[in-house]
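One structure is given below, encoded as structure tokens.
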Amino acid sequence: MRMTGAERREQLLDIGRTLFAERGFEGTSVEEIAAKAGVSKPVVYEHFGGKEGLYAVVVDREMRQLLDMVTGALTAGHPRELLEQAAFALLDYIETFTDGFRILVRDSPVAQSTGTFASLISDIATQVEDILGMEFKNRGFDPKLAPLYAQALVGMVALTGQWWLDARRPKKAEVAAHLVNLAWHGLDGLEQKPRLIGHRKN
């Protein structure tokens, strides 16, 4: 039974995703994708215009999946619980979509503004920024600093996630608890005007 165009496209995306996760963009060839799918090279070009096109679709899907999971997880009112939910969402994604995360954390060779790990962090940080901005206002802190803190928090969780991808120890809930412990107690004891204690002032 022949595959429909849509089925073939999905099959090529699955194969591409696995190979990109294993070998990276450079290490993967159109020949290999075609061979694994049991088709000729022109079929891959017909669907995606080449390796870059296929890669861009794979990355875009993974970015959306992760953003949806993070956004969908942020439901609770208490800021500490929001931190927990965000940490769990990222760790859940790493656990469930390991190949996707491997692709996202390899720097994208495709020249585009989206599809790099840094741009993904920024997208997630923007979601967190709004929540932090409101909290900062309520506590008398300068809400203009919310973007800086959002980047710091999301970056901390994402880089820990990158390490956990291979380590897988301690367990997910424990990693989330430690991340939130560091972030929450840091935020809880925040100085309104943090001072430098070393001799360097600029």
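All residue numbers refer to positions in the sequence shown, counting from 1.
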Candidate pair His178 and Thr160, rule side-chain contact (heavy atoms from CB on, under 4.5 Å), full reasoning:
CA-CA 11 Å; His178 283 285; Thr160 306; over 6 Å; no

What's the verdict on side-chain contact (heavy atoms from CB on, under 4.5 Å) for Leu13 and Phe48, showing C-alpha distance, side-chain angles and the deciding distance?
CA-CA 10 Å; Leu13 281 168; Phe48 298 100; 3.7 Å; yes

Apply side-chain contact (heavy atoms from CB on, under 4.5 Å) to the pair Lys172 and Asp92, showing each step before the final yes or no.
CA-CA 8 Å; Lys172 182 167 62 178; Asp92 284 342; 2.5 Å; yes

Chi angles and distances behind the side-chain contact (heavy atoms from CB on, under 4.5 Å) call for Glu62, Arg17
CA-CA 10 Å; Glu62 291 305 325; Arg17 184 177 182 271; 2.6 Å; yes

Determine, stepwise, if the pair Asp123 / Arg64 fulfils salt bridge (charged side-chain N to carboxylate O under 4.0 Å, His left out).
CA-CA 10 Å; Asp123 285 354; Arg64 268 212 302 270; over 6 Å; no

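From Ile33, atom CD1 reaches atom CD1 of Ile15 across 8.5 Å, with rounding to the nearest 0.5 Å. Within the model, atoms CG of Leu90 and CH2 of Trp164 stand 9.5 Å from one another, a figure rounded to the nearest 0.5 Å. In this structure, the separation between OG1 on Thr98 and OH on Tyr93 is 9.0 Å, given to the nearest 0.5 Å. In this structure, CG on Asp99 lies 9.5 Å from CG on Leu19, to the nearest 0.5 angstrom. Taking CZ of Phe88 as the reference point, atom CD of Glu95 lies at 10.0 Å (rounded to 0.5 Å). Here CE of Met63 is found 11.5 Å from CG of Asp68. Values are rounded to the nearest 0.5 Å.
Of all heavy-atom pairs between Arg200 and Leu196, the closest is O-CD1, 3.7 Å. Taking each heavy atom of Lys51 and Glu26 in turn, the nearest pair found is NZ-O, 3.9 Å. Shortest non-hydrogen contact noted between Phe101 and Gln162 is CE2-CA, 3.7 Å. Smallest separation of non-hydrogen atoms from Leu91 and Ala176: CD1-N, 3.9 Å. Residues Pro170 and Val175 share a closest heavy-atom pair of O-CG2, 3.5 Å.
Here the side chain of Lys41 pairs no donor or acceptor atom with the backbone of Val30 at under 3.5 angstrom. Judged purely by atom type and a 3.5 angstrom limit, Arg23 has no side-chain atom pairing as donor or acceptor with the backbone of Phe25.
Within the structure, no pair that satisfies the salt bridge (Lys or Arg N to Asp or Glu O under 4.0 Å) test touches residues 72-89, not counting sequence neighbours.
Within 6.0 Å of NZ in Lys201 there are more than 12 heavy atoms belonging to other residues, nucleotides or ligands. A 6.0 Å sphere centred on NZ of Lys36 holds no more than 12 heavy atoms belonging to other residues, nucleotides or ligands.
A 4.5 Å side-chain heavy-atom check between Ile94 and Arg168 finds at least one atom pair inside the cut-off. Contact check for Val59 versus Phe20: no side-chain heavy atoms found under the 4.5 Å cut-off.
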Please table the atom pairs, donor to acceptor, closer than 3.5 Å between any side-chain atom in residues 132-159 and protein atoms at least two apart or in another chain.
| residue | atom | partner | partner atom | Å |
| --- | --- | --- | --- | --- |
| Glu135 | OE1 | Arg139 | NE | 3.3 |
| Asn138 | ND2 | Met134 | O | 3.3 |
| Asp142 | OD1 | Lys144 | N | 2.9 |

